[in-house]
Amino acid sequence: MYMVYWTIVNGEEHVPHERIFDTADMVAAMRFMEDLRRRQRAGEGVRFITMCSEHPDVVGHPGVDVTGPEYNWKKRRR
């Protein structure tokens, strides 16, 4: 899934927005972001345009996990 986030700035007021897109709709999400950027370039108060993704069928958990004492990673240098 994809989430597009942006903020509408009107004077001192900042109103956050979001829109969700399906996992198969990355192109639609990018088109939507470009529409927001077009509005921004035209002088509208559209700011902080960004996209985030999260696959619903991910195997592991996001983030850093705790390792046990048997974990022995070494960087190999030549």
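Computed over heavy atoms, backbone and side chain alike; hydrogens, waters and symmetry mates excluded. As the structure is a computational prediction, the values presented were derived from the model and not from experiment. When a residue number appears, it is its place in the shown sequence, counting from 1.
In this structure, the separation between CE on Met3 and CZ on Arg19 is 11.5 Å, given to the nearest 0.5 Å. The distance from the CD1 atom of Ile20 to the CE atom of Met1 is 2.5 Å, given to the nearest 0.5 Å. How far CH2 of Trp6 is from OG1 of Thr50: 12.0 Å, rounded to the nearest 0.5 Å. Taking OG1 from Thr7 and CZ from Arg47, the interatomic distance works out to 10.0 Å, rounded to the nearest 0.5 Å.
The cluster map of Ile, Leu, Val, Met, Phe, Trp and Tyr, joined by side-chain heavy atoms under 4.5 Å apart, puts Met30 and Phe48 in different clusters.
Counting heavy atoms from C-beta on, the side chains of Tyr5 and Pro16 never come closer than 4.5 Å. Inter-residue side-chain proximity for Glu18 and Val4 is flagged as unmet; no heavy-atom pair is nearer than 4.5 Å. The shortest side-chain heavy-atom distance between Gln40 and Asp35 does not fall under the 4.5 Å cut-off.
Using modelled atom types, one side-chain atom of His14 and one backbone atom of Glu12 make a donor-acceptor pair closer than 3.5 Å.
Ring pair Phe21/Phe32 is tilted by interplanar angle, where 30° to 60° counts as tilted.
Annotation for Val46 and Leu36: closest pair CG1-O, 3.9 Å, computed over non-hydrogen atoms.
Look at Arg41 and Glu34 and you find a salt bridge, because one of the NZ, NE, NH1 or NH2 atoms lies within 4.0 Å of a carboxylate O, short of that distance.
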